[in-house]
There are 2 protein chains.
Amino acid sequence: MGMDERKLRILQAIIDDYILTAEPVGSRTISRKYDMGLSSATIRNEMSDLEELGYLDQPHVSAGRIPSAKAYRLYVDQLLEGGKIPSLNADAVRAHFTGRGHQMEEVIDRAAQVLSSMTHYLAVVLPPGSQQVRIRNVQLVPVSTESALVVIVTDVGVVRDSVIRISRHLDSETLYSISRALTAALSGHTLQESQAILREMARNMEENAELLASLGNMVGDHTVKRSHVAVGGTSNMLTYPEYSDVEKVRNLLSLVETRDRLASIVARNGSVSVTVRIGPENGVPEMEDCSVVSAVYSTYSGQQGTIGVIGPTRMNYSKVLSVLGIMGQQLSELFGATEGQDEKS
Amino acid sequence: MGMDERKLRILQAIIDDYILTAEPVGSRTISRKYDMGLSSATIRNEMSDLEELGYLDQPHVSAGRIPSAKAYRLYVDQLLEGGKIPSLNADAVRAHFTGRGHQMEEVIDRAAQVLSSMTHYLAVVLPPGSQQVRIRNVQLVPVSTESALVVIVTDVGVVRDSVIRISRHLDSETLYSISRALTAALSGHTLQESQAILREMARNMEENAELLASLGNMVGDHTVKRSHVAVGGTSNMLTYPEYSDVEKVRNLLSLVETRDRLASIVARNGSVSVTVRIGPENGVPEMEDCSVVSAVYSTYSGQQGTIGVIGPTRMNYSKVLSVLGIMGQQLSELFGATEGQDEKS
DNA sequence: TGTTAGCACTCTCATTGGGTGAGTGCTAGC
DNA sequence: GCTAGCACTCACCCAATGAGAGTGCTAACA
């Protein structure tokens, strides 16, 4: 008993219907709503086979059937292979970003909002990874007589800033020359490397040892500091019947609250352009009946960020995939183009 | 029929019990658990009076009674007047902040977390208001040949940064001298004033008109830009029986998602140190059975931020008030002390 | 041999109706 | 003024009932 064309068509119909209604679907429904040219009895036989093959589950004997994770997997794989993902018009998405600030956090936040309102699921947007970020420019700006703001410009345009103490008074000019020296020394290095360089510098330049040490600490802090994770559409989730149970909502919500964990769940893609993880595939007990679809976008420097959508396993994969596609492309354009224009000069 | 001492004591007991159990409380419970030296029948009579006075509601005839908004108002007012708010040990709170970065956003986020975990309600922390923020220092940092990062240091230590385009190439030295000129011109002025000054400067300095114009726009953007609002403990809310209804959770959640609105609800305090708004007093339909307790904290420069807690009307006001008190003080210290030490030099 | 009609069977869900318990209001007595 | 006692009212729980949806199986049909 293998998987023939007809079984596939029936399974497809069941999944489509279940995605729509969230109710177990019966043989009669299929034969009527999706005209297969088959009677309910025949479909019943096929459904029985599909259940034995592991593609369908039956909540109880006298209910219809619901697709299993395995069924969704098949469904999604076909979707991806078949290239059946409808391509959306990019303009609608683009409109949400034009005329806005280009600051990283703003774009990220906005993206999460747009993503959630387009899909009606929970959207997560992670900024480009910071492991390989390289320093471009370091600048000290006097804030008061005993503290200065450190601004580090990196090659992804991300700016890390923090205030540090300086023990003895340093005037604006002195800070400026230190800034130049730091830029010369650190430019082109990653944050990790910079930390080592700063330690070395601190040993050699006793007069500014303290300053350099705190700079080193600051850089170290930033390498581990969780970056800003944008989330949108949490309340969307509550519109789905699978979350009519408060306990489930609670689980999901506390997952969303711990941004670090959320980020690691969404970002778990081996730099493949798009990943779909269905229910148990997530490996997270709380998310056994959630699917996570994620895509990567990249900045001009090759840094990769992640956008993801979390929804019930019966989510509208086709739509989500196309929205993620267009959105990833859009973000790549946005982050790439910003610098692309600069490079032209 | 007025409010005598005994009625007050009974009302107090009812509120205390209801805060604890969230169940309508009956006359028998009061006479037994809180020994008033009165029989249930007597208490029944008093409760009947209290209901007529508008302090109690009855869900249905054979249930106990629950406190009305008016009752909570009385309760809270007595709490505030009587100075009965237990003062907590500040050290426990302080421990959460020591050894951490002093960057505004980090502190704000952390504060929301601590506040929610101490109260078990939803916590909101707003950064110091930016209406009266004055500029201290402006610095242009080269990012690429055609763009520069603008850093504006304000007197609350908040740093606004954004990348702007520069049409013709300006080297590091030129940018530095422009920075100095800008600092001289704008230092001490509010963002609004600065916008006007920049417009004026753009007219007089044709060569840098474009740069100055975009700077002006940027400053303008930032005056309206919603600032970072920290929220913590959303999932806490779901532990309370009043939110066992998914629809209510949904309403609350979508309120929390629109940070602007949330901020305006929490911040609606006429610069009084602490405000309690009970249920309908919020004037927000979605929050008819929520109370909002908020307190202000201030930075060394007199800027005021707000911390707030949102919970069911039957929240533990006494605890919330004392936690907010200690937390506000703590934040004030944190933001004040940072600069306070600088001032000493 | 595959398809279909028919039928008995199973199980959920919504409804109904009595029983229980918590709480009240009222009255009469202390 | 307080309290004991009592009738009364509901919400809630539980079991029984019936309708409806869907299945599996069998037998007939093309």
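Letters A, B, ... mirror the listed sequences (proteins, then strands); counts begin at 1. Just so it is clear, the values below take in all heavy atoms, side chains as well, and ignore hydrogens, waters and symmetry mates.
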Contacts of Asp245(B) that satisfy salt bridge (Lys or Arg N to Asp or Glu O under 4.0 Å) - sequence neighbours left out: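 Expected list: none.
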Short question: side chain of Gln12(B), backbone of Tyr75(B) - any donor-acceptor pair under 3.5 Å? no
Can you run down the side-chain hydrogen bond (donor to acceptor under 3.5 Å, both in side chains) pairs that involve residues 55-67 of chain B, sequence neighbours left out, and say none if there aren't any?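 Output for this query lists Glu51(B)-Arg65(B).
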If a pair satisfies side-chain hydrogen bond (donor to acceptor under 3.5 Å, both in side chains) and one of its residues is in residues 308-317 of chain B, list it, with sequence neighbours excluded. Glu242(B)-Arg314(B), Ser291(B)-Tyr317(B)
Side-chain donor-acceptor pairs under 3.5 Å in residues 25-33 of chain A, sequence neighbours left out?
from     : atom 1 : to       : atom 2 : distance (Å)
Ser27(A) : OG     : Arg44(A) : NH1    : 3.4
Ser31(A) : OG     : Arg28(A) : O      : 3.2
Lys33(A) : NZ     : Asp17(A) : OD1    : 2.7

d([atom1], [X]; [atom2], [N]) in whole Å:
X: Ile30(B); N: dC2(D); atom1: CD1; atom2: C1'; answer: 18 Å
X: Asp57(A); N: dG22(D); atom1: CG; atom2: P; answer: 17 Å
X: Ile43(A); N: dG22(D); atom1: CD1; atom2: C1'; answer: 13 Å
X: Arg6(A); N: dG2(C); atom1: CZ; atom2: P; answer: 9 Å

With B for base contact, S for sugar-phosphate-only contact and - for none (protein heavy atoms under 4.0 Å), nucleotides 13-30 of chain C reads ---------BSBBB----
Qualifying residues under side-chain hydrogen bond (donor to acceptor under 3.5 Å, both in side chains), relative to Thr42(A), sequence neighbours excluded: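 By the side-chain hydrogen bond (donor to acceptor under 3.5 Å, both in side chains) rule, Thr42(A) matches Ser39(A).
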Between Ser39(A) and dT4(C), is there a side-chain N or O to OP1/OP2 distance below 4.0 Å?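 Yes.
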